[in-house]
Amino acid sequence: MTTEQFIAGKAVEAVKALYGADFPQEQMQVGVTRKDFEGDYTLVVFPLLKTSRQAPAVTAQAIGEWLTANCPEISGFNAVQGFLNLSLSNIYWRENLQEITGNASFGQLPATGRRVMVEFSSPNTNKPLHLGHIRNNLLGDSVSRLLKAAGDEVIKATLVNDRGVHICKSMYAWEKLFDGATPESTGIKGDHLVGDCYVAYAKLEKEHPEVIDDVHKMLVQWEEGDPQVRKLWEMMNGWVFDGFEQTYKALGITFDRTYYEHDTYLLGKELVQKGLDMGVLVRDPDGSVWCDLTADGLDRKLLLRSDGTSVYMTQDLGTAERRFSEYELDSHVYVVGNEQDYHFKALKLVLKKLGFDWADQIYHLSYGMVELPEGKMKSREGTVVDADDLIEKMYQEAKATSEESGKLDGIPEDEKERLYHMIGLGALKYFILKVDPKKTMLFDPKESIDFNGNTGPFIQYTHARICSILRKASEAGKKAAVADAAVLSPKEIRLVKILSAYPQKVADAAAAYSPAIVANYAYDLAKEFNQYYHETQILKEPDATLLGMRLALIDTLAATLRKAMNVLGIDLPERM
RNA sequence: GGUUCCGUAGCUCAGCUGGAUAGAGCAACAGCCUUCUAAGCUGUGGGUCACGCGUUCGAAUCGCGUCGGAAUCACCA
């Protein structure tokens, strides 16, 4: 139970006692008191006026008096117009801290029994990953972690688009122009080499538009299983997979299940037949099959081409059906850019028409594009921010900053390397994840990602600071413990207040599929600690009870920071 | 043109299930390192929450409209 709920419950009792009426607890408005006013939580009494039939100030005064008289946890109040500011007793906060400190699974919400598949990344195998993919990957990974923290069972899945005309283009260019070049022979990472082929093809096609016919021939040969074409396809896909694998590893991302489009692209045709039998789909005279969504405000949607081949939508229908039945999913989250909003709307509607009630359990986590100062990234204009380059740049930045500070002097080289990666990646991940997923965000390559202020390294640094104090305390034989006699300062109460809000933040973030809520929470917590740090000498405290309480407090703070940042997939160092 | 999303400080973003005087960071300026890590802390300046109307005791938040931006409406994926 959160403190807000606790107070709301007490307020219900107060209204009952004072006015003899049952006021629904859900409608009680309790919030954290603004910092210019005295108090911890504020009850807004305006909604109660119809019940009390008295002026706001009078009602607030009456409820405040009742609460302080009848609830030992509530130690004081002041009423400003319709706002009843309540102070909770020191004992309440101390007990709160004791509860959190002793609870290793704090922040892990109880199991919901829901099984959820989260599909993300889903790259094409004709070019290397770029910044847009990074946002997709980080969001998918983080939302998976978030849902787990909120009690769901999560299966992380990806669908690799490894077939189609795009990969044939790269294959064609490689055969014609690359003289047998391999990642080994050139030293170029596989996905980049294939990407180079794709670029070379684009140039070639511009000069000789007729080559597209050869590419289409290649695609047909692929579909027929031509051994030569298949061999080339497997080889080049292999290069790309190896390259992607490295990038995923550098990002710290894994999947529980990988689907390949060459396995799934034929799925869905039976469903279309079923739809025709049910009469919810129509076949045009030319043989193409459509679903009429005009009644739902969309258009007619193609499901089978006139030659009987399937389109993207067709296989999405098939894979969704297969996944829901295979894994007995309760829900399926697709992490896909908002440019496909229309597609997912249509997908859900078609599934619904086919009689699948679980269509309502599909959630399209529609995220905004990452834009550059000059607008969208365009591969043709060479403005694409390459994922590998960016990760490397962040690492270099972290290394330079660390070396300049000299704080890592004297620790082993491999440990330093580990920290540079941790910090560089932390900066990148936080930069992406702190923004509300659904919003378009901006990345300026000229200004490198900051390490100061509201950033990943700031939170990592705060954690390292706490660890440093705890190390020194441990060396001095000081023990962390919250004794019943411990009295908390106002700043410490603020920290406990923020700490205790963490489980609710996880719940809110999961409900909104927004890691940004957790990111901003972690920042608030870290910022609050830094202020506390500057005004309180923790280790110098002579009183053993106070010292023990403070050590327990900052230990819990560090643990909660780790939990919150773990949801974002960011590791926190013990020194930096 | 239809549909959807977005518009908050010079810049990047919080706040949006209606609550008090709209918050951070960056950038600028002024301070704080013989005291637990200065990747930090403190302070100053910076706002017509795009605009208008409406609902309400109360609107950045909800509704309608206008302006501006983006996406989408393929026998592409």
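Every chain is numbered from 1 and lettered A, B, ... according to where its sequence line falls, protein lines coming before strand lines. All of these numbers come straight from a predicted model, not from anything done at the bench.
- With a 3.5 Å ceiling on both atom-pair distances, B:C49 lacks any Watson-Crick or G-U wobble partner.
- For the ring pair (Phe, Tyr, Trp, His ring centres under 6.0 Å) condition, no pair includes a residue of residues 459-478 of chain A, sequence neighbours left out.
- Rounded to a whole angstrom, the distance from the P atom of B:A20 to that of B:A60 is 9 Å.
- A donor-acceptor contact under 3.5 angstrom links the side-chain atoms of A:Gln537 to the base of B:U35.
- Ring pair A:Phe431/A:Phe443 is perpendicular by interplanar angle, where above 60° counts as perpendicular and below 30° as parallel.
- Contacts of A:Thr401 with the nucleic acid, taken as non-hydrogen atoms under 4.0 Å apart, include base atoms.
- Residues meeting the side chain to side chain donor-acceptor pair (under 3.5 Å) test with A:Tyr201, sequence neighbours left out: A:Glu205.
- Applying the 3.5 Å distance criterion, the base of B:A20 shares a donor-acceptor pair with the side chain of A:Thr42.
- Residue A:Gln531 has its side chain nearest to B:C41 when only B:U37, B:C41, B:U35 are considered.
- Using a 90° window around 0 for the glycosidic torsion, B:C33 falls inside it and is classed as syn.
- Proximity of the aromatic rings of A:Phe458 and A:Phe451 is defined here by a centroid distance below 6.0 angstrom, and this criterion is not met.
- B:A59 and B:G54 are spaced 11 Å apart, taking the C1' atom of each and rounding to whole Å.
- For A:Arg471 and B:C36, the shortest distance from a side-chain N or O to OP1 or OP2 is not below 4.0 Å.
- The gap from the C1' atom of B:U12 to that of B:A77 amounts to 32 Å, rounded to the nearest Å.
- Near-neighbour residues of RNA chain B inside residues 452-459 of chain A, defined by a heavy atom below 4.0 Å, number-ordered: A:Asn452, A:Gly453, A:Asn454, A:Phe458.
- Every residue two or more places apart in sequence or in another chain was checked for a side chain to side chain donor-acceptor pair (under 3.5 Å) with A:Tyr502, and none qualifies.
- For the side-chain contact (heavy atoms from CB on, under 4.5 Å) test, residues two or more places apart in sequence or in another chain that qualify with A:Asp299 are A:Tyr342.
- At least one donor-acceptor pair closer than 3.5 Å links the side chain of A:His133 to the backbone N or O of A:His130.
- Scanning atom types as modelled, no donor and acceptor separated by under 3.5 angstrom connect the side chain of A:Asn530 and the base of B:A38.
- Residue A:Arg305 places at least one side-chain N or O under 4.0 Å from the OP1 or OP2 atom of B:C76.
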request  = Encode nucleotides 14-19 of chain B as B, S and - characters from 5' to 3', where the letter depends on protein heavy atoms closer than 4.0 Å: B to the base, S only to sugar-phosphate, - to neither.
outcome  = S-B--B

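- Looking at residues 258-269 of chain A, you'll see A:Glu261 sit with a heavy atom under 4.0 Å from some atom of RNA chain B.
- Annotation: side chain to side chain donor-acceptor pair (under 3.5 Å) contacts involving residues 540-549 of chain A, sequence neighbours excluded, comprise A:Glu541-A:Arg550.
- Within 4.0 Å of A:Tyr533, counting heavy atoms only, lies at least one base atom of the nucleic acid.
- Residue contacts shown for A:Glu541 are absent, as no nucleic acid heavy atom lies under 4.0 Å away.
- In this structure, A:Tyr334 has its ring center at least 6.0 angstrom away from the ring center of A:His364.
- Taking atom C1' in both B:G23 and B:C16, one finds a spacing of 14 Å when rounded to whole Å.
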What does the list of N/O pairs under 3.5 Å between the protein and nucleotides 30-34 of chain B look like, with a distance for each?
none

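- Every residue two or more places apart in sequence or in another chain that forms a side-chain contact (heavy atoms from CB on, under 4.5 Å) with A:Asp307 is listed here: A:Arg305, A:Thr309.
- Atom CD1 in A:Ile432 sits roughly 13 Å away from atom C1' in B:C13 (whole-Å rounding).
- The NZ atom of A:Lys438 sits 14 Å away from the P atom of B:C13 (whole-angstrom rounding).
- Going from atom CG of A:Asp299 over to atom C1' of B:G2 covers 8 Å, rounded to whole Å.
- Listed by chain and number, the residues in a side-chain contact (heavy atoms from CB on, under 4.5 Å) with A:Lys491 are A:Ser489, A:Glu528, A:Gln531, A:Tyr532, A:Glu535 (sequence neighbours excluded).
- Sequence order on RNA chain B of the closest nucleotides to A:Asn161 and A:Lys376 puts A:Lys376 first from the 5' end.
- Residue pairs that meet the salt bridge (charged side-chain N to carboxylate O under 4.0 Å, His left out) test with at least one member in residues 40-55 of chain A, sequence neighbours left out, are A:Asp40-A:Lys497.
- Comparing B:G58 with B:U21, their P atoms sit 14 Å apart, to the nearest whole Å.
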task = Could you walk me through whether A:Trp233 and A:Asp162 pass the side-chain contact (heavy atoms from CB on, under 4.5 Å) test, one step at a time?
result = CA-CA 9 Å; A:Trp233 172 77; A:Asp162 61 349; 3.7 Å; yes

